[in-house]
Amino acid sequence: MLVHAVGGGDLGLTDARTVPALHDTPEATGRDRRPLRKLFEGLPPVSMLALLGTTNQGGPLGLPFAHWATEIRARLTSEEGLCGARLDPGAVHVVEVEAPRMEAASRGLTAWLAQHRPEKILISYGSGAFALSAGALCAALETCVPTDLVHIDTPCGPYTLERPRDMAGHMESWLLRHRFWDALAETDPGNEELWRLLAARQAGDTHFAAQVRKSDMITKGELKKFTELRPTMQAALFERLGRGEAADHGLLRAWFGDRLRKLFGDERKELPARVREQIEQLITALGTRDDDQGHLSGRIRQTVRLIDERVDAACVRLLRDNALTRLYARASTHRAHLLPEPMEPGPLPPALLAAADQWERGDQGVGLVARTGRTGWPVLGSGDVLALLAVGLDRNDDPADGGKDAEDRQAVRAILAELRRRRELLPRGGVPRLRLLASPETAQRAYGLAHWVSSVSPETDVRVIEDVFGDIERVREVIVTALRSEAAPTGRTGSGSPRDIDELLLVLNPGPPATNYGMIAASVEWSLTAACPLHVTELVRENAVPELRGGQPVLARLGADHVLARLTASAVHRLDLRTAVRLAGRGSSRLRELLSALEGLEKDLFGAAPSVWTDGERRAAARKRLGLVATACGDYPGLAVYLAVSALQPALFSWNVWKDMRESRPALKELGRRANEALHGHALDRLDRRGRSGNGRDSRGDARTVLTQAIGELGGPSERDDELIIRHKSLIAELALVYQESG
């Protein structure tokens with residue numbers, strides 16, 4: 001099937017005064033030669049033709065292009081034919097599009113394709129109406145129909161916008177960036193032991209390292225570091241914060257108390273006696289085993305009010321970080337996983353960012369990853385957002401107000417505003433980056449625009465990529481090569497490398513269609529290389545004012561779905577369901593179809609029980625939850641017992657009910673004890689001065705055994721006890737299917 005957007009060239013229009021004419025002559029050349037004739041003569045016979053026509057008013061003779069598309073259809077199916085071809089009436093279709101916008105074209109053709117399933121689609125470009133052509137591509141990707149792009153002047157040389165060839169390499173990059181160490185252990189068996197060591201550290205397990213022997217890859221001293229509680233806690237916290245996992249809340253509570261104790265210990269002698277007394281009392285309260293610690297946020301605020309404003313010490317500055325204490329307050333209630341989101345989007349508290357940077361500078365994991373021949377990413381991302389914009393020719397629109405200069409600056413202002421908006425939603429605020437793509441004809445304008453950006457937005461890293469012209473493949477290669485030639489990544493914060501960006505924004509601008517399609521191809525490749533989301537937006541001009549419109553997640557069909565499905569499945573395996581929801585939401589509609597099932601599993605595993613539930617219904621839900629935790633996370637005992645208790649209390653049982661239940665049920669009591677002594681619980685609160693566990697007991701044990709015993713204490717068994725396990729396996733199977741389809 002050939003998809004063609006009807007425009008002025010199909011009507012023989014050369015300017016506003018030209019009268020539309022449908023017929024052409026075989027001898028016509030140049031602009032007089034109709035796009036459809038070029039296509040019919042240069043392509044093999046097409047079995048179906050879809051004409052895209054906009055329904056908005058303002059077309060030739062005041063009639064919408066959808067009207068002219070209908071006229072073209074009538075001529076093509078008549079005895080005389082049109083443009084040297086005659087087609088059967090059932091083979092020519094008019095697809096109405098609401099407006100000359102990419103999203104409108106995608107929406108209109110997607111709906112039409114739902115009723116018609118061609119084996120292959122050819123999309124014409126080069127006759128104007130790029131937005132409709134790009135929208136048609138999005139619709140084809142959305143419906144998974146193989147697609148080629150054909151230029152009207154060279155239809156015999158179609159371009160297939162394929163998925164990047166090195167999908168295995170891109171998959172590895174995404175796993176590495178998001179620190180899915182356990183999945184890397186499966187895909188890279190040559191370094192399996194190292195990846196499993198990092199996976200255990202991320203799960204808060206300090207015992208796994210004792211089973212690993214030193215080797216050329218890792219020394220005895222490095223292994224010892226993996227057995228220490230504080231470095232393990234920091235690694236687990238910051239890596240989980242980077243993904244926004246619900247499991248980080250216990251770690252955040254543990255980190256806050258430990259950080260305060262350490263800073264206070266270093267500064268104790270220099271503090272005034274009254275301040276020392278207030279902080280000592282607070283530290284004692286923070287270390288309590290009371291599972292209902294919501295009152296602690298008020299206690300922190302009270303302590304800060306009692307400290308003289310002139311006192312400037314690191315431990316006091318930690319308490320004065322209001323954003324951090326608010327985040328800690330949510331974590332200390334043990335209810336954070338019940339909230340719609342684990343934390344507000346946006347930069348993390350300054351004290352937390354500073355601590356993460358300090359930890360990252362000394363993290364031995366960065367060097368260990370480098371020994372495998374790879375370079376990791378900053379643990380909390382770079383905070384950088386990159387935009388690509390092609391600079392157009394000067395049309396001398398209005399010399400009185402600067403013409404194209406004024407229009408370019410308005411467009412760039414809109415892009416800079418969007419970069420700042422997206423940056424403000426990231427864990428850290430990084431650098432807005434803008435790359436202006438210039439052909440030889442537009443290079444001077446691009447450098448002038450870059451100079452202007454530097455003057456009005458000094459914080460923006462703006463550069464010009466030259467020689468962006470030619471066919472789609474050449475444009476792609478020039479852009480990707482330029483980005484690769486910039487600063488090299490280091491695995492730590494502050495490299496300045498485009499590979500470390502957190503988001504990529506592609507701005508499609510009216511101009512040569514091959515340039516825009518080349519930008520799409522380059523952006524898809526670079527978003528996979530940088531393992532970051534790609535947002536595609538269209539630069540439109542409403543009342544001569546440039547603004548950004550929309551975005552097309554269906555471009556995920558070109559590769560991101562493949563890696564996102566794998567990452568989502570890995571997160572589901574570990575019950576990081578909030579992470580799974582976020583990852584699936586970045587994909588195309590095929591992947592987003594699973595969002596309701598993912599959200600439903602998260603709710604039924606960690607969500608609060610309805611107030612009308614009976615005790616029997618709560619215990620039945622508890623059996624299902626413990627069964628799933630035992631099945632999915634039993635290999636990491638400390639994390640398993642912590643997640644198990646989080647799934648039961650206070651979601652199903654209030655603190656008082658839970659306390660009574662533990663007194664009468666030995667396995668539940670043991671489960672609670674182990675959760676308290678896990679790294680996510682109160683292990684750090686029990687450290688002695690040498691950094692060793694205060695009670696000397698190993699809370700590891702066999703988590704599956706105690707979980708199975710706890711299930712038995714809750715009644716049953718019931719044939720529905722494995723309901724969540726079945727749904728869990730079904731979701732993983734569905735994600736595996738998406739993975740296979742998109743590969």
Side-chain angles (χ1 to χ4, degrees), residues 201 204 206 221-222 224-239 241 248 250-288 293 296-297 299-329 331-332 348-366 379-380 428 492-493 679-696:
R201 183 179 74 162
T206 58
E222 289 167 333
K224 184 178 183 299
K225 197 78 170 176
F226 278 95
T227 67
E228 298 175 6
L229 285 177
R230 184 173 287 116
T232 299
M233 176 273 297
Q234 291 181 93
L237 170 65
F238 296 133
E239 289 186 356
L241 276 176
D248 64 23
L251 291 166
L252 179 64
R253 189 212 59 77
W255 173 84
F256 185 88
D258 182 72
R259 181 76 170 171
L260 181 60
R261 284 191 298 270
K262 185 178 185 307
L263 293 175
F264 177 69
D266 294 341
E267 301 171 317
R268 179 189 182 98
K269 294 180 181 179
E270 287 75 32
L271 292 171
R274 179 61 177 162
V275 173
R276 189 163 58 243
E277 178 184 349
Q278 291 292 336
I279 297 180
E280 282 179 335
Q281 293 175 0
L282 177 62
I283 288 174
T284 300
L286 296 185
T288 179
Q293 295 187 314
L296 289 178
S297 59
R299 182 70 178 269
I300 293 172
R301 289 194 297 271
Q302 181 184 16
T303 301
V304 171
R305 284 196 296 269
L306 293 173
I307 296 176
D308 192 306
E309 292 182 359
R310 291 171 295 182
V311 176
D312 183 27
C315 61
V316 176
R317 291 196 297 273
L318 184 76
L319 296 174
R320 286 173 177 160
D321 187 335
N322 293 327
L324 176 60
T325 55
R326 284 197 301 271
L327 193 58
Y328 170 79
S332 66
L348 291 169
L352 199 55
L353 285 171
D357 291 344
Q358 181 182 15
W359 168 81
E360 186 179 58
R361 285 192 292 271
D363 175 29
Q364 63 182 13
V366 175
V379 66
L380 296 179
R428 72 162 74 244
R492 292 184 168 90
T493 302
L679 195 59
H680 294 75
H682 291 275
L684 287 170
D685 298 333
R686 305 292 172 258
L687 291 182
D688 60 22
R689 291 183 179 179
R690 293 172 296 176
R692 298 175 181 173
S693 178
N695 56 33

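Keep in mind the model is a prediction, meaning the values are calculated, not measured.
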### Query
Can you tell me how far NZ of Lys262 sits from CG of Leu684, rounded to the nearest 0.5 angstrom?
13.0 Å
### Query
When you look at Phe256 and Ile300, which way does the side-chain contact (heavy atoms from CB on, under 4.5 Å) test go after all the steps?
CA-CA 12 Å; Phe256 185 88; Ile300 293 172; 3.9 Å; yes
## Note on the structure
On a heavy-atom basis, the closest approach of Gly204 and Ala236 is N-CB, 4.4 Å
### Task
Report yes if some heavy atom in the side chain of Lys269 is under 4.5 Å from a heavy atom in the side chain of Arg276; otherwise report no.
no
### Message
With rounding to the nearest 0.5 angstrom, report the CG to CZ distance, Leu263 to Arg268.
### Response
14.0 Å
### Task
Write down the atom of Ala235, the atom of Arg201, and the distance for their closest heavy-atom approach.
CB-NE, 3.3 Å
### Task
With the side chain counted from C-beta on, respond yes when Asp258 and Arg261 share a heavy-atom pair under 4.5 Å apart, and no when they do not.
yes
### Query
Between Phe238 and Trp255, what is the ring plane arrangement, given parallel below 30°, perpendicular above 60°, and tilted in between?
perpendicular
### Query
Sequence neighbours excluded, which residues qualify as salt bridge (Lys or Arg N to Asp or Glu O under 4.0 Å) partners of Glu360?
none
### Summary
Residues Leu353 and Leu348: closest non-hydrogen pair is CD1-O, 3.4 Å
#### Entry: Heavy-atom closest pair, residues Cys315 and Leu260
O-CD1, 3.8 Å
### Smallest separation among heavy atoms of Asp266 and Glu270, with atom names
O-OE1, 3.8 Å
### Query
So, do Leu286 and Arg253 sit near enough that their side-chain heavy atoms are less than 4.5 Å apart?
no
### All salt bridge (Lys or Arg N to Asp or Glu O under 4.0 Å) counterparts of Arg317, not counting sequence neighbours
Asp312
### Task
Would you indicate whether the side-chain heavy atoms of Ile307 and Arg320 approach each other to under 4.5 Å?
yes
### Side chain to side chain, His680 and Met233, heavy atoms closer than 4.5 Å
no
### Task
Check whether any side-chain heavy atom of Phe264 sits under 4.5 Å from a side-chain heavy atom of Ile283, and report yes or no.
yes
### Query
Just by modelled atom types, is the Ala313 backbone N or O under 3.5 Å from a matching donor or acceptor in the Glu267 side chain?
no
### Query
Do Glu228 and Lys224 meet the salt-bridge criterion of a basic N to acidic O distance under 4.0 Å?
yes
### Residue pair Leu282 / Leu319, side-chain heavy-atom distance below 4.5 Å
yes
### Message
One pair to check against side-chain contact (heavy atoms from CB on, under 4.5 Å): Gln302 and Gln278. What are the steps and the verdict?
### Response
CA-CA 10 Å; Gln302 181 184 16; Gln278 291 292 336; over 6 Å; no
#### Entry: Which atom of Ala356 lies closest to which atom of Leu380, heavy atoms considered
CB-CD1, 3.5 Å
### Task
Run the numbers on Thr227 and Thr232 for side-chain contact (heavy atoms from CB on, under 4.5 Å), then give the verdict.
CA-CA 8 Å; Thr227 67; Thr232 299; over 6 Å; no
### Query
Does a sphere of radius 6.0 Å around CD in Glu309 hold more than 12 heavy atoms from other residues, nucleotides or ligands, not counting ones at 6.0 Å or beyond?
no
### Which residues share a side-chain contact (heavy atoms from CB on, under 4.5 Å) with Arg310, sequence neighbours left out
Asp308
### Query
So, do Val379 and Trp359 sit near enough that their side-chain heavy atoms are less than 4.5 Å apart?
yes
### Task
Can you sort out the partners of Glu277 under salt bridge (Lys or Arg N to Asp or Glu O under 4.0 Å), two or more places apart, ordered by chain and number?
Arg274
### Task
For Ala351, check side-chain contact (heavy atoms from CB on, under 4.5 Å) against everything at least two apart and list the hits.
Leu318, Asp321, Leu324
### Task
With sequence neighbours excluded, tell me which residues meet salt bridge (Lys or Arg N to Asp or Glu O under 4.0 Å) with Arg428.
Asp357
